[in-house]
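Working notes for the structure below.
As a basis for the values below, the full set of heavy atoms in this structure was taken, side chains included, without hydrogen atoms, waters or symmetry mates. Order of appearance sets the numbers: ligands from 1, and atoms from 1 within every ligand.
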Amino acid sequence: MHKVTSEELFQRALKVAPGGVHSPVRSFKGLDRAPVFFTQAEGAFLTSVENKKYIDFCQSFGPLILGHLDAEVKEEVHRMVDTAWTFGAAEVYSLELAEWITSTLPFMEKLRFVSSGTEAVMSALRVARAATGRNKILKFEGCYHGHVDNLLVKAGSGLAGTAASSSAGIPAEVAAHTVVAPLDDEAKLAEVFAAQGKDIAAVIIEPLPANYGLLVQRPEFLRKVAELCEKNGSLLIFDEVISGFRVGLGGMVEKTGIRPDLVTYGKIIGGGFPVGCYGGKAELMNMVAPSGDVYQAGTLSANPIGMRAGLTTLKKMQRLDGWNVLEKRTAKFAQTLKAGFAKKGLNLEVSQVASLFWIHGQTPAPIRSIDQIPQNQGGTFKNLFLKSLNNGVYLAPNAYEVGFVSMAHSEELLDQAAQIIIEAAE
Ligand SMILES: *Cc1c(COP(=O)(O)O)cnc(C)c1O
């Protein structure tokens with residue numbers, strides 16, 4: 001009997017979806033093979049249509065901090081599916097998650113649930129513009145904030161801070177409302193603020209940039225960002241869609257001690273279901289409809305299944321001291337990889353923060369901005385990725401995506417995975 005293969009499914013998918021996928025990085029573009037089609041997931045593992053098992057370090061790009069199909073989350077989700085799917089009305093489930101977040105994280109005075117990280121960012125920008133009466137948004141090169149029109153921009157060729165759209169379909173007039181600055185450069189940032197500060201409604205930053213490699217920022221740089229916002233009357237938005245509930249319960253707000261005006265969440269907050277959230281200072285959030293005149297709505301917002309999965313995930317992480325457990329396990333995993341690369345004389349390095357890691361070529365100093373990423377990152381990764389895949393390790397299929405360790409990745413499994421990756425790197 002003929003068994004279906006990933007290659008055949010990809011050929012079919014190419015006929016019905018652009019590039020055969022529903023989000024670009026899933027496509028294995030530039031990797032010279034069809035993406036693996038999966039049928040099942042459990043704990044730290046994915047199973048393909050070929051019935052091959054992989055240790056999964058993608059974890060759906062971050063949401064699954066407990067791993068796939070966590071037993072406690074599963075039970076709550078089943079219970080919710082048997083209770084209600086969506087109300088489109090006031091209900092108790094979002095209230096419970098909102099109360100848990102606002103009582104645990106004091107900087108989240110008030111919040112609104114949405115259905116994705118992109119939506120959270122888009123909505124936070126609207127509030128910032130309404131609150132300041134200004135139009136411009138400053139973002140940093142190398143930070144990703146979802147596919148918001150305004151933020152799909154790169155540095156333009158004009159004066160300091162000019163932006164050009166990085167996607168077709170975005171009018172120049174829209175990109176013109178965005179100002180771009182490099183990460184890790186206080187002087188450039190001061191220059192941009194000196195020229196345009198009075199027009200900047202908000203600065204949005206991934207306080208731990210993890211969408212273009214892992215670009216760990218110096219605390220002094222982050223403090224400078226906050227200081228310039230304060231001086232210029234611009235709001236500070238921490239986009240914690242990836243770092244929130246990942247680097248610790250209080251995310252980068254807790255780690256840096258910086259208090260932003262607004263914070264955006266996604267990924268982990270929904271425990272594997274589509275949930276986003278924006279919130280922060282009550283006076284700002286009170287501007288949102290129906291209490292204020294900043295309109296923002298959603299048919300499936302605060303979906304009860306996502307609310308339940310999110311709350312169960314967060315409470316379980318808190319109960320297990322999960323963030324400390326993951327930090328230790330991932331640091332050890334990174335050490336094993338580094339020692340293995342060194343032993344084989346390979347020119348590879350691992351950047352790691354909490355349960356995030358990124359493998360890249362060696363550089364003289366830590367990589368903090370995109371221009372410091374080695375030129376051959378794509379080629380280095382391709383070889384490493386394909387051989388790891390062959391031997392049962394699924395890394396996110398792109399040289400600039402980070403890896404995620406979940407509570408389902410035991411120390412033994414991490415050791416096993418490290419050996420496969422080290423071998424693949426040769
Ligand atoms: C993933 C991500 C987003 C976008 O979230 P989606 O749910 O994919 O729309 C925005 N900002 C950051 C920092 C992210 O990591």
Side-chain angles (χ1 to χ4, degrees), residues 21-27 57-65 111-128 137-153 166-167 178 180 183 202-217 222 225 236-248 251-253 255-256 258 260 262-280 296 298 300-303 305-307 309-310 313 353-358 370 396-398 400-404:
V21 289
H22 300 277
S23 195
V25 183
R26 299 177 191 177
S27 76
F57 287 108
C58 180
Q59 295 289 326
S60 196
F61 292 99
L64 303 166
I65 198 163
L111 58 79
R112 169 65 60 84
F113 291 118
V114 292
S115 301
S116 72
T118 296
E119 219 187 320
V121 167
M122 195 179 80
S123 310
L125 297 188
R126 191 175 298 145
V127 171
I137 304 293
L138 187 150
K139 84 166 286 260
F140 295 92
E141 230 172 340
C143 286
Y144 176 68
H145 303 290
H147 65 96
V148 181
D149 272 0
N150 251 291
L151 300 180
L152 286 180
V153 299
S166 59
S167 162
T178 308
V180 182
L183 286 163
V203 171
I204 185 163
I205 187 167
E206 278 184 83
L208 175 64
N211 279 287
Y212 203 119
L214 189 58
L215 309 172
V216 184
Q217 297 303 293
L222 294 174
V225 173
L236 177 59
I237 304 173
F238 267 15
D239 181 355
E240 296 233 52
V241 171
I242 209 165
S243 54
F245 309 111
R246 168 62 63 181
V247 301
M252 288 300 287
V253 176
K255 297 271 176 208
T256 60
I258 294 170
L262 292 168
V263 184
T264 55
Y265 294 104
K267 301 193 169 109
I268 293 173
I269 201 174
F273 290 83
V275 178
C277 168
Y278 67 106
Q296 185 271 309
L300 293 174
S301 284
N303 177 263
I305 297 164
M307 297 291 106
T313 298
V353 175
S355 48
L356 300 162
F357 68 93
W358 181 47
I370 59 172
N398 181 285
Y400 303 92
E401 296 288 344
V402 297
F404 299 91

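- Assignment of His147 to the shell around ligand 1 is not supported, since no heavy atom sits closer than 4.0 Å.
- Of the listed residues (Gly117, Pro63, Gly146, Pro207), the one carrying the non-hydrogen atom nearest atom 6 (P) of ligand 1 is Gly117.
- Atoms of ligand 1 lying under 4.0 Å from at least one heavy atom of Lys267, given by number and element, are 1 (C), 2 (C), 3 (C), 14 (C), 15 (O).
- Each of the following atoms of ligand 1 lies closer than 4.0 Å to a heavy atom of Thr118: 4 (C), 5 (O), 6 (P), 9 (O).
- Aromatic pair Tyr265/Phe245: centroids less than 6.0 angstrom apart.
- Counting heavy atoms from C-beta on, the side chains of Leu138 and Thr178 never come closer than 4.5 Å.
- Side-chain atoms of Ser166 come within 3.5 Å of backbone N or O of Leu152 as a donor-acceptor pair.
- Taking every heavy atom of Asn211 and a limit of under 4.0 angstrom, the matching atoms of ligand 1 come to 12 (C), 13 (C), 14 (C), 15 (O).
- Side chains of Gln296 and Arg126: no donor on one and acceptor on the other come within 3.5 Å.
- Ligand 1 places these atoms under 4.0 Å from at least one heavy atom of His145: 10 (C), 11 (N).
- Relative orientation of the Phe57 and Phe357 rings is perpendicular, given thresholds of 30° and 60° on the angle between their planes.
- Atom 3 (C) of ligand 1 has Val241 CG1, 3.7 Å as its closest protein atom, hydrogens excluded (heavy atom only).
- Those atoms of ligand 1 that come under 4.0 Å of a heavy atom in Ile242, given as number and element, are 15 (O).
- For ligand 1, the atoms sitting less than 4.0 Å from at least one non-hydrogen atom of Asp239 are 10 (C), 11 (N), 12 (C), 13 (C), numbered in the order shown with element in parentheses.
- Taking a cut-off of under 4.0 Å to the non-hydrogen atoms of Ser116, the atoms of ligand 1 that pass are 7 (O), 9 (O).
- Atoms of ligand 1 found under 4.0 Å from any heavy atom of Glu206, numbered from 1 in the order shown, are 13 (C).
- Checked options Val275, Thr313, Thr264, Val241; the residue passing with Ile269 is Val275 (criterion: side chain to side chain contact (heavy atoms under 4.5 Å, CB included)).
- No side-chain N or O of Arg112 forms a donor-acceptor pair with one of Ser123 less than 3.5 Å apart.
- Counted by atom type alone, Glu119 and Tyr278 present zero donor-acceptor pairs between their side chains at under 3.5 Å.
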